Structures are given as structure tokens and as C-alpha cells.
Amino acid sequence: MAPDETEPLDLARTMQETWIDRVHFFKEIESTNTTALRQVRENDPAGVELFVADRQTGGRGRGSNAWWSGPGSLTFSLLTAPLDLPTDQLPRVSLTVGLALCLAVERFAEPAGVALKWPNDVYLAERKVGGILIELASGLAHRPVIGVGLNVNNLLTGAPKELRSTAICLRETCTGSPLLDRTEVLIECLTQIERQLARLQSGDRSLPDDWRTYSLLTGQQVRVQRPGHSTSGLCESIADDGSLLVRTPQGIESCYGGEVSAWFPGERER
Ligand code: BTN
């Protein structure tokens, strides 16, 4: 197989081994999240649906960021069954999906290097391996679209320059750099998302401890930027409600969203 080719996903197996009721596969599409959002708005289907693409021409990240993905990556959006949760639980949904991806990535990588960067970036060896974009169609907050981009076999050599030193793919951490089976990675991600969301919905009180165990930012100096407001200080922890706790000269501030930059105490801001 040529280095820029993508081995086909086994979607029949994915359906057999996971909670997915229906798969929509696209060789190329603008964004699986955009398509999944349209599906909720127009049809609000009863079951769990997966939208997966080999290539996105307009992949979106959080905020105004784009999502780059080369051949061999995984890009998918999941439309879950209606979630039995109040709408103010979205920060907890976000962290829980992040935790699920950490647990999935851990199966294919060196576990010690896997971390969750609040609110839901997945890191491996201090570089970003995966990102999550959760979006709601208006009036349908109980059916979030969970978009996942994971660098699996896509080497970063073809990535935009700024990503080459900050991102990583799973394949880079495997001895001998073999190609990973993307179907297995996809199945593991879907299984973990189902499992961890079930814990959230059943009110499992140990779940926040698991977010905290994987937290990359705890103990680091952080700057959390939101429109018109920025908080700087030492990241103390992640609270049970999903907020990031930052110690500032005025006391502990709970941050519910924003762009985070981080650096270790004593280092200069990166
Ligand atoms: C981020 O880290 O900023 C979030 C990235 C999310 C990317 C995924 S790829 C599949 C889905 N479709 C999109 O357009 N975005 C998400």
C-alpha cells in the first residue's frame, strides 16, 4: 500500500462489535460534524449513528480552528442515543469523552504517556494525538454530536508546519512503527465512549477522579482565555462539575470554557 493510502475500515465489524445502529461512510466530505448536525436537525433519528470519513475537506476544531487530518487518521462523528442528562452537564460530557479516548489510546500506546488536556484534548508524550468537538443542534441539547479526530497512521510529515512539533500520531509510538488497524482503534474508541458515558449517566461518583488522574494541566501554570476575559495562575485540579480550578492572587477561579495555554512553574510561557 502506498504511504498516502488508507486501508479501508471494516464497518460491518464495527457495527457488530459496538453500539452503533447505522453507519454513514464518506470517502471525502467537508466535515462529519456538519453532516451529523444536519441529520439531527432534519431527521432526529432514533438510534446511534456514526459518520465516518476517510478525508475531510473542511474539518473543524474547537473555536475557529481547522482540523487537519492526513491519510490514515480517524475522523468520525457520533450521534448518541438521547442522553439522560441536564444541559448544564455538557462540560462533564466533554471531559468524559476525553477520558474515553485516553483509555482507548492507552490500549495502543505507552500508557504512562497518555493524558487529558482540559477540556478534552488527548495527549501522548506531551503532544496532541486527538481532539474532540462536541456540538449541539439548536433545541436538541440531549443529542450532542461528538466529533473525534485521532492521529493514527497519518505521519505528521505532511502536516502544516505548526503541527509538526506539537502533534503526534499513534503509529509513531509503536516499536518499529507498524501500521495500526484503524478498525480496531475505532471500535475501542466507540466502546470506551459508550462505557464512560454510561458511567456519567448512572451518576458514578468515581468518574471525576478518573478525569483528574489523566489531567495534563494539574500543577502547571495556565492561562485560560475567553472572549473579553483571561485567567492566569496555577492549575489546581478539575472540579466534579467539570470546571478547571485555577489559583489566582484573588483566590481559586472556576473556568468553564476557553482556550488554554500551559507551562511548568519556573518555565517561560510557551
Ligand atoms: C479540536 O481539537 O479542536 C477538536 C477537533 C475535532 C476534529 C473532529 S474530526 C471529525 C469531526 N468533524 C469535524 O469537522 N471536526 C471533528
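In each ligand, atom 1 is the first atom listed, and ligand 1 is the first ligand listed. A quick note: this is a predicted structure, and the numbers were derived from the prediction, not measured. Excluded from the calculations below are hydrogen atoms, water molecules and symmetry mates; all remaining heavy atoms, backbone and side chain alike, are included.
- Side-chain contact between Arg55 and Ser69: absent, with no pair of heavy atoms (C-beta onward) separated by less than 4.5 Å.
- For residues 236-245, the pairs satisfying side-chain hydrogen bond (donor to acceptor under 3.5 Å, both in side chains) are Arg212-Asp240, Glu236-Arg247, Asp241-Ser243, Asp241-Tyr256, with sequence neighbours left out.
- In this view, Phe51 and His24 satisfy the ring-ring contact (aromatic ring centres under 6.0 Å, His included) rule, not counting sequence neighbours.
- No salt bridge links Arg195 with Asp204; every basic N to acidic carboxylate O contact stays at or beyond 4.0 Å.
- Remark: Asp121 engages Arg62 in a salt bridge, criterion side-chain N to carboxylate O under 4.0 Å.
- Residues lining ligand 1 at a heavy-atom distance below 4.0 Å are given as Ser31, Thr32, Asn33, Gln56, Gly59, Arg60, Gly61, Arg62, Trp67, Thr75, Phe76, Ser77, Asp121, Lys128, Gly131, Ile132, Leu133, Gly147, Val148, Gly149, ordered by chain and residue number.
- Residues passing the salt bridge (Lys or Arg N to Asp or Glu O under 4.0 Å) test with Glu49, sequence neighbours excluded: Arg22.
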